[in-house]
Amino acid sequence: MLLSVFLALFLPCAGMSAVFLVYICLLWYAATYQGGASAAAAPVEKGAQEIGLSAAQLERLPAVAGRDLIMGRDCAVCLEDIESEQPARVVPGCNHGFHLQCADTWLSKHPVCPICRTKLGSELFDPPEANPC
């Protein structure tokens, strides 16, 4: 009787301890080997952030007054309202508008719209080829 009570109490505790040790080992393994992979991928991400638009490309994007915005007057970068007199930058293709400085700061690091992630490709900045016809 005493042996069955001991086994009834000991075996679940031993089983839970084994599961806990396996869990800790898996966490250690994931932290060790995933940490090394993310450290190796960090320069790629940093490099990807540096592929934003140049100052010359930013100047080619449309700039309007806040009252002329089509898609609303909320700047998704700084989360402030765009006043009627403030200069705003419009992203071609999606027509989302932002404060001029906010858009230029964002687009110099990320060549996509902050709202819909429309990519601003080089075709927007390269002059169209002459039509031979």
Under 3.5 Å donor-acceptor, [X] side chain and [Y] backbone:
{"X": "Q57", "Y": "S54", "result": "yes"}
{"X": "T32", "Y": "Y29", "result": "no"}
{"X": "W106", "Y": "V112", "result": "yes"}

Mind jotting down which residue pairs meet the salt bridge (Lys or Arg N to Asp or Glu O under 4.0 Å) criterion with at least one end in [range]? Sequence neighbours excluded, please.
{"range": "residues 84-99", "value": "R89-D104"}
{"range": "residues 3-30", "value": "none"}
{"range": "residues 62-80", "value": "none"}

Beyond-backbone contact of V77 with T105, side-chain heavy atoms, under 4.5 angstrom: no

Heavy-atom check, side chain of L61 versus side chain of L107, under 4.5 Å: yes

Apart from [X] itself, which Ile, Leu, Val, Met, Phe, Trp or Tyr residues share its cluster (side-chain heavy atoms under 4.5 Å, direct or through members)?
{"X": "I82", "result": "V64, L69, V90"}
{"X": "V5", "result": "L9"}
{"X": "L26", "result": "V22"}
{"X": "F20", "result": "Y23, I24, L27"}

List the atom pairs, with distances to 0.1 Å, where a side-chain N or O of residues 94-103 and a protein N or O form a donor-acceptor pair under 3.5 Å, not counting sequence neighbours.
from	atom 1	to	atom 2	distance (Å)
H99	NE2	D81	O	3.4
H99	NE2	Q86	OE1	3.0

